[in-house]
2 protein chains.
Amino acid sequence: MKFEAVTIKDIARALGLSTSTVSRALRDSYEISQETKQLVLDCAEKLNYQPNPIALSLKEKRSRSIGVVVCEVANNFFSQIINGIESISYSKGYNVIISQSHESYEREVIDLRYLSSRSVDGLLISVSTETNDISHLKALHERGLPIVFFDRITEEIKTHSVIVDNFKGAYEATEHLVKNGYRRIAAIANSEFLNITSERLAGYKEALLTNGITPSDTYIKHCFYGGMVFSEIEDAVNRLFTLKQKPDAIFTTSDKLTTGLLKTLKRRGLRVPDDIAVVGFSNTDIAELLNPSLTVVRQPAYEIGQAATELLLQLIESKRPIKQFEKRVLTPQLMIGDSSAPKKKK
Amino acid sequence: MKFEAVTIKDIARALGLSTSTVSRALRDSYEISQETKQLVLDCAEKLNYQPNPIALSLKEKRSRSIGVVVCEVANNFFSQIINGIESISYSKGYNVIISQSHESYEREVIDLRYLSSRSVDGLLISVSTETNDISHLKALHERGLPIVFFDRITEEIKTHSVIVDNFKGAYEATEHLVKNGYRRIAAIANSEFLNITSERLAGYKEALLTNGITPSDTYIKHCFYGGMVFSEIEDAVNRLFTLKQKPDAIFTTSDKLTTGLLKTLKRRGLRVPDDIAVVGFSNTDIAELLNPSLTVVRQPAYEIGQAATELLLQLIESKRPIKQFEKRVLTPQLMIGDSSAPKKKK
DNA sequence: CTGAAAGCGCTAACAC
DNA sequence: GTGTTAGCGCTTTCAG
C-alpha cells in the first residue's frame with residue numbers, strides 16, 4: 001500500500017540534468033536558462049511531480065502547519081472558531097492539526113508533546129478546565145514555539161491573546177435581567193481556574209451592584225467540567241432550588257452550561273421564563289428556535305479564530321523577536337429572546 | 001523564533017557514542033548492551049530528547065497522519081464525526097489533518113492535493129455537494145493512497161465506506177408522518193448528485209407508496225448547497241406553499257436543511273405542527289428544546305467516525321493489498337418530538 | 001556490541 | 001548556466 005511519488009531525481013534523470021538544476025528551475029531561479037526551465041517544467045508537469053513538503057520541513061525546520069488545542073470540537077463555539085482558524089491558515093498556505101483535550105490536563109500535555117514533536121510552527125490554544133499549572137506551555141514557549149491563546153487564556157505567558165470582552169458580555173446579560181424585573185439572579189459558571197469564569201462573574205456581580213443588588217455566593221454555582229458531566233448541572237440546579245430564597249433567573253457562562261441548564265429545567269417541569277428566566281453565553285445558531293427562544297450572549301467565534309491565527313502567523317513569520325504583545329478583545333453580542341422576558345407580577 | 005530541538009547527535013556527542021548506537025539504544029535493539037542502553041536512555045531523558053517525526057517520515061515514507069475532508073466543521077453532524085475520528089486515531093498514534101471543502105469541488109481538489117503532498121497515510125472523505133466527477137480521488141486511489149468514504153460516498157471507487165441506513169431512516173420518518181395522519185408530505189432534499197439524497201428520497205417514496213400515497217415530484221425540492229445558502233431553503237418553501245395542494249408536512253434530508261426550514265417557517269409565521277409538520281435528519285443535541293420539540297432522524301455520528309477510522313487504519317497497516325471491501329451500514333434513530341404530533345382534524 | 005556510511009527529497013554554498 | 005557536494009534527523013546495512 002505504498003505510494004511512490006515522483007521526485008526531483010526522476011526529473012533530473014529523465015532530462016539528463018543534475019538535481020540542483022532541476023530544483024533551481026522549479027523555483028524559477030535566475031541562474032537557469034529559459035530553455036532549461038521550460039524543459040524541466042514540462043517534464044515535471046508530464047510526470048505529475050509534487051514537491052515533498054516533508055523533505056522541505058526537515059531541511060527548513062519548519063512545517064507550515066499550526067497546532068490547535070481545544071477542549072472539544074463538537075461544540076458550536078469551538079467549531080466556529082476552528083472554521084475561522086482554517087480560513088486564515090488555508091489562505092496563507094498553512095495547515096491545521098487539531099487536537100482535543102477533552103478538558104483533561106493530562107491529555108492536554110500529551111497533545112502538546114505530540115504537536116511540538118511534529119514540529120508545528122506555532123500553537124493556538126484554549127486551555128483545558130483542569131489546567132492551572134501551565135509549566136508545560138511555558139517550557140514550549142521558552143524553547144521558542146510561538147503561541148497565541150484564545151478564549152481561555154493565561155497571563156503567565158507573555159504572548160498574544162484573543163478573547164471577547166467577557167466582563168461586558170456578562171454585565172449586559174445580567175443588567176438585562178435586572179431591567180426586566182428579576183432580582184434573585186443566580187449564576188452557573190465554569191471552573192474557577194478559568195479566566196473566562198472570573199471575568200464573566202465579575203461582570204455579573206458588577207451589574208448586580210450597580211443596580212443595587214448585593215451579589216451572594218450562595219447564588220453562584222460552579223461546574224468544574226463545564227457541563228461535560230451532565231450531573232454537575234443537575235446538582236447546581238438542585239442546590240439553587242433548595243435555597244430558601246429561590247432564584248428567579250439564572251445566568252450561565254458557557255454554551256454547554258446553557259443548553260444543559262435548559263434540559264435540566266425542562267426535565268424538572270420548570271417553565272422558562274415564568275418559573276425562572278435564563279440568559280447564557282451560547283453560540284448555538286438556533287437560539288431563536290428554542291422554546292422559549294433563548295436570550296444569549298453570542299461571541300464572534302469565527303472572528304476570534306481568524307484574529308488568533310493572524311496574530312500567530314505574524315509571530316511565526318516575524319524576522320526578529322516580538323516583544324510587544326497584543327491582547328485583542330472582541331465584542332460579544334446580547335441577542336434577546338423570550339427566555340428573559342419581563343417578569344410578570346404575581 | 002526558532003526552536004532548537006535535541007537530536008540523536010547531541011546525545012551521541014554527550015556520551016561519546018555514535019549516532020547509530022544511540023538510535024539503536026533508543027529503539028531497544030538487542031544488539032546493544034544493557035549499560036549503554038541505560039546510559040543513552042538517561043541522557044535522552046536529561047536532555048529532554050524528542051524524536052523528530054519529520055525525519056522519520058522522510059525515511060519511512062509514512063507520516064502517521066491521516067487526512068480528513070468534510071464540507072464544514074461547524075456542523076453538528078460532522079463535528080461529532082470528527083470527534084469519533086480523533087478518538088481512534090489518537091489511540092493508535094496517528095494525527096488528523098482536517099480540511100473543509102465548503103461544498104466546493106474546486107476547493108476539495110486543492111485540499112486533496114495538499115493532503116497528498118503532505119504524505120498523509122490515508123484519507124477519510126465525505127465528498128462535497130459539487131463533486132460528481134471523482135477522477136481526482138481515483139487518481140490518488142490508483143497511486144495507492146488508502147481511502148475510506150463516509151456519509152457521502154461513491155460506488156465508483158472500490159474501497160471501504162461507512163454510512164447509515166439512509167433508506168431506513170427516511171422510510172421510518174416518512175411512515176411516522178403518515179401514521180400521524182399527514183398525507184401531503186413534501187421533501188426538501190440535498191443535491192441530486194449525492195448518494196445520501198437518492199437513498200433518503202427512495203426511503204421517503206417507498207414509505208409513501210407502502211401507505212397508499214403516490215409520491216409526486218412537485219413535492220420534492222432540492223437545495224443544491226444543502227442550505228449553506230439560506231435563500232435556497234426559502235425558495236423551496238415558497239414553491240411548496242404556492243402549490244394548489246399545499247403540503248401538510250415536510251421531510252428534510254440533512255441538518256442544515258432541517259434547521260433552515262424551521263427558521264423559514266418561523267419567519268413566515270407558520271406554526272409547527274399545526275400548519276405544517278416537520279421531520280428531518282439532524283444531529284443537533286438540543287432537538288428536545290426546540291419549539292416545538294423536533295422529531296429527528298439522528299445518525300450515530302461519533303460511531304461513523306470511529307468505524308471509518310478503524311477501516312482506514314486497517315487499510316494503511318495491512319501488509320498485503322486488500323481486495324475485499326466492506327460497506328459498513330449503521331442504524332439511524334428516529335427520535336420523536338412534537339413537530340410531527342398527530343394531525344388535528346379541522 | 002559498536003561505528004562508519006549511505007540514503008530518504010530537497011536546497012544551497014561552492015565550484016567550474 | 002550547470003554540476004558537485006554536504007547536510008537537515010533518523011535508520012539501517014555492512015564492517016569490524
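Chain identifiers are assigned alphabetically (A, B, ...) following the order of the sequence lines, protein sequences preceding nucleic acid strands; residue numbering begins at 1 within each chain.
- Closest to the side chain of A/Ile32, from the set C/dT11, D/dT2, C/dT2, is D/dT2.
- Using a 4.0 Å cut-off on heavy atoms, the residues of residues 9-26 of chain A that approach DNA chain C are A/Lys9, A/Ser20, A/Ser23, A/Arg24, listed by number.
- In this structure A/Asp121 satisfies the salt bridge (charged side-chain N to carboxylate O under 4.0 Å, His left out) test with no other residue, sequence neighbours excluded.
- Using modelled atom types, one side-chain atom of B/Asn195 and one backbone atom of B/Asp151 make a donor-acceptor pair closer than 3.5 Å.
- Atom CD in B/Gln34 sits roughly 15 Å away from atom C1' in C/dT2 (whole-Å rounding).
- Note on B/Arg107 versus B/Asp111: salt bridge recorded, some NZ/NE/NH1/NH2 to OD/OE distance being below 4.0 Å.
- Distance CG (B/Leu56) to P (D/dT11): 5 Å, rounded to an integer number of Å.
- Residue B/Leu58 contributes atom CG, which lies 9 Å from atom C1' of D/dC8 at whole-angstrom precision.
- Taking 4.5 Å as the limit, some side-chain heavy atom of A/Tyr302 sits within range of a side-chain heavy atom of A/Ser87.
- Between the C1' atom of D/dT2 and the CZ atom of A/Arg27 lies a distance of 17 Å, rounded to the nearest Å.
- You'll find the side chain of B/Tyr49 reaches within 4.5 Å of the side chain of B/Ile8, heavy atoms only.
- Following rounding to the nearest Å, B/Arg62 (CZ) and D/dT11 (P) show an atom-to-atom distance of 14 Å.
- Ranked by how close their nearest DNA chain C nucleotide is to the 5' end, B/Thr36 and B/Ala55 are led by B/Thr36.
- With respect to the salt-bridge test (charged N to carboxylate O, under 4.0 angstrom), the residues B/Glu103 and B/Arg152 qualify.
- Residue contacts for B/Ser57: at a heavy-atom cut-off of 4.0 Å it reaches no nucleic acid atom on any strand shown.
- If one axis is set at each end of the helix from C/dC1-D/dG16 to C/dC16-D/dG1 from five pairs, those axes are 60° apart, to 10°.
- Partners of A/Gln34 by side-chain contact (heavy atoms from CB on, under 4.5 Å), not counting sequence neighbours, listed by chain and number: A/Lys37.
- Residues in residues 89-111 of chain B take part in these ring-ring contact (aromatic ring centres under 6.0 Å, His included) pairs, two or more places apart or across chains: B/Tyr105-B/His136.
- For the pair B/Val73/A/Glu86, no side-chain contact is recorded, criterion being any heavy-atom separation below 4.5 Å from C-beta on.
- At C/dG9, one or more side-chain N or O atoms of B/Lys61 fall inside 4.0 Å of OP1 or OP2 (strictly under the cut-off).
- Salt bridge status for A/Glu155 with A/Lys327: present, with a side-chain N to carboxylate O gap under 4.0 Å.
- The phosphate of C/dC8 (OP1 or OP2) has no side-chain N or O of A/Thr7 nearer than 4.0 angstrom.
- We find that OH of A/Tyr30 is positioned 13 Å from P of D/dT2, with the value rounded to whole Å.
- Shown here is A/Glu31, whose CD atom has more than 12 heavy atoms of other residues, nucleotides or ligands within 6.0 Å.
- C/dG9 atom P lies 13 Å from atom CD of B/Glu60, rounded to whole Å.
- Near DNA chain C, defined here as any heavy-atom distance below 4.0 Å, the residues from residues 42-53 of chain A are A/Tyr49, A/Pro51, A/Asn52, listed numerically.
- Distance NZ (B/Lys59) to P (D/dC10): 12 Å, rounded to an integer number of Å.
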> Would B/Ile88 and B/Leu313 count as a side-chain contact (heavy atoms from CB on, under 4.5 Å) if you check the C-alpha gap in whole Å, the side-chain angles of each, and the deciding distance to 0.1 Å?
Replying inline: CA-CA 9 Å; B/Ile88 299 290; B/Leu313 293 183; 4.1 Å; yes

